[in-house]
Amino acid sequence: MSAELGGKFDSFGVQVFGAMRRGDQGLHRRIAGVIIDDNNGDGVAASGSGSGSMVVDGARRAVRLTPEMIVEAAVRIAARGRSDGLTGRALGEELGVDRSAVWRHFADKDALLRAVGDRLLTMAYDRVPDALDPKSRMERLAHAVVDVFTAHPYVGAAVASRTTRGPGEFAVVEMMLTALGDLGLEVPDRVRYQRMLADSVLAYAGFRAGYALLPKKVRDADERAWAREYAAADPREYPAIAALAPRLAEVGPDTVLDTLIEAFWAAVEARRATSDRSTQND
């Protein structure tokens, strides 16, 4: 790198770092900085929007903006419950770059959504200890997916019905297929039951994420309904509700998920027993 170009990098880092300290996001986008041309990887001087972008790291060095950095920024924004976490504007502000820089790394918003959703699956996968037995791994994974999606509600609700096609999803599916194989399921059943549990857990995770997006007063009213409106139901018209209203109010989100998993294991055990009898008859 030439001395002149190196000096421009230093100047860029100092200006942007100063803007970050002052909270002047607009200045980030106005600075005529040194950027990286994504086509040839060379440092070129440019102002405004260019063919690539630089951000300043913790050591005040100018570094190339990457898809990984954009995804990490989107996850941070999603964890704050912001609805605009996948917009170029929000990501540009978070990273201190021009908003157009984001779309030089992702074809469109859907590609970014899938990448961020895949990162959420990686986060869930990383919460599962290696030493657990197959059943415990599956159960811990199910809870982790629901917890992570609920903690990043806008992304969780949007991506729950999608196939992310990335390493996070591959790792989750691999874990589930391996665990079901360790439990003795034959190949056709292993595939069917993996999809059944995965789709069920993702559906519930999306449901919980969507619920988390509701205003708090709406959620509180819904929760109170089980102890108020249901408890006040006319026993002549709704005898079962009247008799069980106190129990209905006791059922929480974890109980629902645990019961879903319980039903899954009951189905797996029943199928395995049927397969064992068929093998014995043969």
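Because the structure is predicted, anything quoted here is derived from the model rather than measured.
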With a 4.0 Å cut-off, would you call [X] and [Y] a salt bridge?
{"X": "R192", "Y": "D189", "result": "yes"}
{"X": "D220", "Y": "K216", "result": "yes"}
{"X": "E68", "Y": "R119", "result": "yes"}

Taking salt bridge (charged side-chain N to carboxylate O under 4.0 Å, His left out) as the test, write out the residues that go with [X], two or more places apart.
{"X": "R195", "answer": "D199"}
{"X": "E269", "answer": "R272"}
{"X": "R208", "answer": "none"}
{"X": "E174", "answer": "none"}

Side-chain contact, heavy-atom cut-off 4.5 Å: [X] with [Y]?
{"X": "P167", "Y": "D118", "value": "yes"}
{"X": "M123", "Y": "L120", "value": "yes"}
{"X": "R127", "Y": "D147", "value": "yes"}
{"X": "P67", "Y": "F106", "value": "yes"}
{"X": "L185", "Y": "V268", "value": "yes"}
{"X": "L260", "Y": "L197", "value": "yes"}
{"X": "Y211", "Y": "P153", "value": "no"}
{"X": "R190", "Y": "V187", "value": "yes"}

- Step-by-step side-chain contact (heavy atoms from CB on, under 4.5 Å) determination, W265 to L183: CA-CA 11 Å; W265 289 128; L183 291 170; 3.5 Å; yes
Using the rule that two of Ile, Leu, Val, Met, Phe, Trp, Tyr join whenever any of their side-chain heavy atoms come within less than 4.5 Å, decide whether [X] and [Y] are in one cluster.
{"X": "V148", "Y": "L213", "answer": "no"}
{"X": "M175", "Y": "M196", "answer": "yes"}
{"X": "Y125", "Y": "V173", "answer": "no"}
{"X": "V145", "Y": "L177", "answer": "no"}
{"X": "V256", "Y": "F207", "answer": "yes"}

- Between R89, R80, R82, which is the residue that forms a salt bridge (Lys or Arg N to Asp or Glu O under 4.0 Å) with E94? R80
Closest non-hydrogen atom pair, [X] against [Y]:
{"X": "V155", "Y": "L113", "value": "CG1-CD1, 4.2 Å"}
{"X": "V71", "Y": "A115", "value": "CG2-CB, 3.9 Å"}
{"X": "A231", "Y": "A245", "value": "CA-CB, 3.8 Å"}
{"X": "I241", "Y": "A233", "value": "CG2-CB, 3.9 Å"}
{"X": "G206", "Y": "A160", "value": "CA-CB, 3.6 Å"}
{"X": "V116", "Y": "A74", "value": "CG2-CB, 3.6 Å"}

Rounded to the nearest 0.5 Å, what separation is found between the [atom1] atom of [X] and the [atom2] atom of [Y]?
{"X": "H105", "Y": "I70", "atom1": "NE2", "atom2": "CD1", "result": "4.5 Å"}
{"X": "L86", "Y": "K109", "atom1": "CG", "atom2": "NZ", "result": "5.5 Å"}
{"X": "L141", "Y": "S136", "atom1": "CG", "atom2": "OG", "result": "12.0 Å"}
{"X": "D84", "Y": "I77", "atom1": "CG", "atom2": "CD1", "result": "7.0 Å"}
{"X": "L91", "Y": "L112", "atom1": "CG", "atom2": "CG", "result": "6.0 Å"}
{"X": "T255", "Y": "E262", "atom1": "OG1", "atom2": "CD", "result": "10.5 Å"}

- Item | From E139, M138, R137, residue fulfilling side chain to side chain contact (heavy atoms under 4.5 Å, CB included) relative to K135 | E139
- Residue pairs passing the ring pair (Phe, Tyr, Trp, His ring centres under 6.0 Å) test with at least one member in residues 142-178, sequence neighbours excluded, are none
- Would you please name every residue forming a ring pair (Phe, Tyr, Trp, His ring centres under 6.0 Å) with W226, sequence neighbours left out? Y230
- Item | Flag, side chain of Y193 to backbone of R271, donor-acceptor distance under 3.5 Å | no
